Amino acid sequence: MPLFNAYVIVDWSATNRRSAGRADCIWIAHGSATADKPTTVSPPSRTDAEQIIRAQLQPIVASNKERVLVCADFGYGYSAGFTSLLPGVDCGALPPWRTVWQYLSEHLQDNLGTKPGHQPTNRSNRFEVASAINSMVSSPASTGPFWCQFKAGVYTCIPQEQPPQPFACAGGPIAPLRITDRMAKSNTPFRLFGTGSVGSQVLTGIPRLNAIRFDPQFAACSAVWPFETGWAPKKDGTWLDSAIRIIHAEIYPSVRAPLTDTIKDRGQVRAMWHWARDLDASNALIHEFAIPPGIESGSAEDDIIRSEEGWILGCSG
C-alpha cells in the first residue's frame with residue numbers, strides 16, 4: 001500500500017518583500033495521490049504559505065484515516081556541533097535538532113513593520129539572528145559561522161567572504177556542510193546571501209515548520225523524518241505508527257530534473273510532487289526513507305544524522 005494519500009511540496013524563499021508568481025518566490029505544489037497533476041500556487045509571503053500548508057493538513061487530520069507528506073527545500077538541521085554555538089540554551093534539555101528549532105522560533109521575527117489590518121510585510125530579522133550567534137562565538141582569528149550579507153559592513157559580526165573552514169570555535173570545528181549536503185552537492189546553510197545561498201531559507205523556514213509541527217491540532221499526529229521516525233525498513237516491515245497523519249521531510253529539488261516550465265521553481269515543485277506520487281504508487285517511496293547507502297546503522301554518522309543534521313529525501317548518492 002502507498003504510504004501517503006497526498007503530497008505537499010514547498011520551494012521556500014527568504015525574500016524581505018512580498019513577491020509571488022515569478023522566479024525566486026515561494027512555490028507550492030499540492031494534491032491527492034489520485035490527482036493527475038498537482039495544484040501549484042505562489043503565495044506572496046511566508047505567512048500566506050504557512051496558511052496554505054495548514055489548509056492542506058487540516059482535512060487529513062480531521063479524517064483521522066489518511067496521511068500526507070510535507071516537504072520543504074531548506075535544511076532541517078545544521079552541521080554537527082552547531083547547537084553548542086547557540087547562546088543561552090541548555091544543550092542537554094532537548095535533542096540537538098529540537099534545540100535549534102526552538103531557538104530559531106524564539107528569536108526569528110517575521111513580518112516586521114506590518115501595520116494592523118495590512119498584509120504581512122514578509123520582512124524578517126534573519127541577519128540580526130545570525131549576527132547575534134556569530135558575535136558569541138567569533139574571534140579575531142575565526143569569524144562565523146554565518147557569512148555573506150546583502151551589503152558588506154552592515155553587520156560587523158557577519159563576514160562578507162567565507163571564513164576559513166571548518167569554522168573553529170571553543171567547542172570544536174563546525175563543518176560547512178552536513179553529511180547529506182556533501183552527498184547531494186547542496187550548498188552550505190551558513191551562507192546568507194548571494195546566488196545559490198540557502199542560509200536565509202533555513203533561518204526563516206525552520207520557525208514556520210516548527211509552528212506547524214508542534215501546533216496542538218497537529219502535534220500528536222505529526223513526525224519529522226528522520227529525527228522522530230527513524231529509518232524505514234529496507235525490506236518488508238511496518239514503519240510508521242498508525243496514528244501518524246503528517247510526515248515532514250526535507251528535500252533538495254536540484255537532485256531531480258525539473259519539469260519543463262516557464263518558471264524553474266514551479267517546474268521543480270511539480271517534478272518533486274510527481275516523483276513522490278509516482279514512487280509511492282509503486283510502493284517504492286518507502287525505500288527513500290531507509291538508511292542511506294554508505295551509512296552504517298548505529299554508527300556515529302547515523303547518530304549525527306538522526307539527532308542533529310537530518311537528511312534530504314531522495315538523496316541516495
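Values in this document were obtained by computation on a predicted structure and should not be read as measured data.
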Look up atom [atom1] in [X] and atom [atom2] in [Y], then write down how far apart they are to the nearest 0.5 Å.
X	Y	atom1	atom2	value
R256	C315	CZ	SG	9.5 Å
D11	I251	CG	CD1	7.5 Å
L177	M183	CG	CE	12.5 Å
W97	Q102	CH2	CD	10.5 Å
I295	E301	CD1	CD	4.0 Å
R123	T204	CZ	OG1	14.5 Å

Please tell me if the side chains of [X] and [Y] come closer than 4.5 Å, counting only heavy atoms from C-beta onward.
X	Y	answer
P292	W311	yes
W239	L3	yes
D215	R54	yes
H274	L259	yes
W225	W231	yes
I244	C221	no
R213	V224	yes
I53	L57	yes

Using a cut-off of 6.0 Å, state whether more than 12 heavy atoms not belonging to [X] lie near its atom [atom1].
X	atom1	answer
K185	NZ	no
Q119	CD	no
D241	CG	yes

Flag yes if [X] and [Y] sit in one hydrophobic cluster, no otherwise; membership is Ile, Leu, Val, Met, Phe, Trp, Tyr, and two members link when side-chain heavy atoms are under 4.5 Å apart.
X	Y	answer
V255	L285	no
V68	L209	yes
I304	L85	no
I312	M272	no

Dump the intermediate steps for side-chain contact (heavy atoms from CB on, under 4.5 Å) on L112 and S124, then the final yes or no.
CA-CA 6 Å; L112 296 173; S124 76; 5.6 Å; no
Set out, in order, the CA-CA distance, both residues' side-chain angles and the distance that settles side-chain contact (heavy atoms from CB on, under 4.5 Å) for L313 and F289, then state yes or no.
CA-CA 7 Å; L313 184 66; F289 293 94; 3.7 Å; yes
Between T114 (side chain) and T121 (backbone), is there a donor-acceptor pair under 3.5 Å?
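Yes; at least one donor-acceptor contact below 3.5 Å.
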Main-chain N/O of L279 paired to S282 side chain as donor or acceptor, under 3.5 Å
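Checked: pair present.
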Identify the two heavy atoms, one from [X] and one from [Y], that lie closest to each other, and give their separation to 0.1 Å.
X	Y	answer
V269	I28	CG2-C, 4.4 Å
V198	P189	CG2-CA, 4.1 Å
F127	Y155	CB-CE1, 3.4 Å
A130	L203	CB-CD1, 4.2 Å
E309	I179	OE1-N, 2.9 Å
P159	T143	CG-OG1, 3.6 Å

Would you check if there is a donor-acceptor pair between the side chains of [Y] and [X] at a distance under 3.5 Å?
X	Y	answer
D302	S299	no
T15	S13	no
Y7	D280	yes
R266	T262	yes

Worked verdict on C148 versus I158 for side-chain contact (heavy atoms from CB on, under 4.5 Å)
CA-CA 7 Å; C148 196; I158 301 179; over 6 Å; no
Could you name each residue pair satisfying ring-ring contact (aromatic ring centres under 6.0 Å, His included) that touches residues 25-56, not counting sequence neighbours?
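Sorted result for residues 25-56: empty, none.
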What verdict does the side-chain hydrogen bond (donor to acceptor under 3.5 Å, both in side chains) test give for S45 and T47, after you've listed the backbone C-alpha separation in whole Å, the side-chain angles of each residue and the deciding distance to 0.1 Å?
CA-CA 5 Å; S45 74; T47 295; 4.6 Å; no
Pairing residues for D303 by the salt bridge (Lys or Arg N to Asp or Glu O under 4.0 Å) criterion, not counting sequence neighbours
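Salt bridge (Lys or Arg N to Asp or Glu O under 4.0 Å) list for D303, sorted by chain: empty.
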Output all residues satisfying salt bridge (Lys or Arg N to Asp or Glu O under 4.0 Å) with D110, sequence neighbours left out; order by chain, then residue number.
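Once residues adjacent in sequence are excluded, the partners of D110 under the salt bridge (Lys or Arg N to Asp or Glu O under 4.0 Å) criterion are R46, R208.
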Output every pair passing salt bridge (charged side-chain N to carboxylate O under 4.0 Å, His left out) with a member in residues 267-278, not counting sequence neighbours, ordered by first then second residue.
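Those involving residues 267-278 are D261-R270.
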Any salt bridge between R178 and E308, counting N to O under 4.0 Å?
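A salt bridge is absent here (no side-chain N lies under 4.0 Å from a carboxylate O).
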Looking at Y103, is R98 sitting on its ring face, NZ or CZ under 6.0 Å from the six-membered ring centre and within 45 degrees of the normal?
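Not flagged: R98 not positioned over aromatic ring of Y103.
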Assess the residue pair F4 and I247 against the criterion (side-chain contact (heavy atoms from CB on, under 4.5 Å)); give the C-alpha distance rounded to whole Å, side-chain angles, the decisive distance to 0.1 Å, and a yes or no.
CA-CA 9 Å; F4 303 101; I247 289 292; 3.8 Å; yes
Table please: side-chain donor-acceptor pairs of residues 69-76 below 3.5 Å, with sequence neighbours left out.
from, atom 1, to, atom 2, distance (Å)
D73, OD1, W12, N, 2.7
Y76, OH, A72, N, 3.2
Y76, OH, A249, O, 3.2

Evaluate R126 against S200 for side-chain hydrogen bond (donor to acceptor under 3.5 Å, both in side chains), listing each step before the verdict.
CA-CA 7 Å; R126 65 188 188 275; S200 287; 2.7 Å; yes
Under the rule for side chain to side chain donor-acceptor pair (under 3.5 Å), what residues qualify as partners of R22, not counting sequence neighbours?
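With neighbours one apart ignored, the set is empty.
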Do F190 and Y78 have their ring centres less than 6.0 Å from each other?
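Ring-ring flag for F190/Y78: true, centres closer than 6.0 Å.
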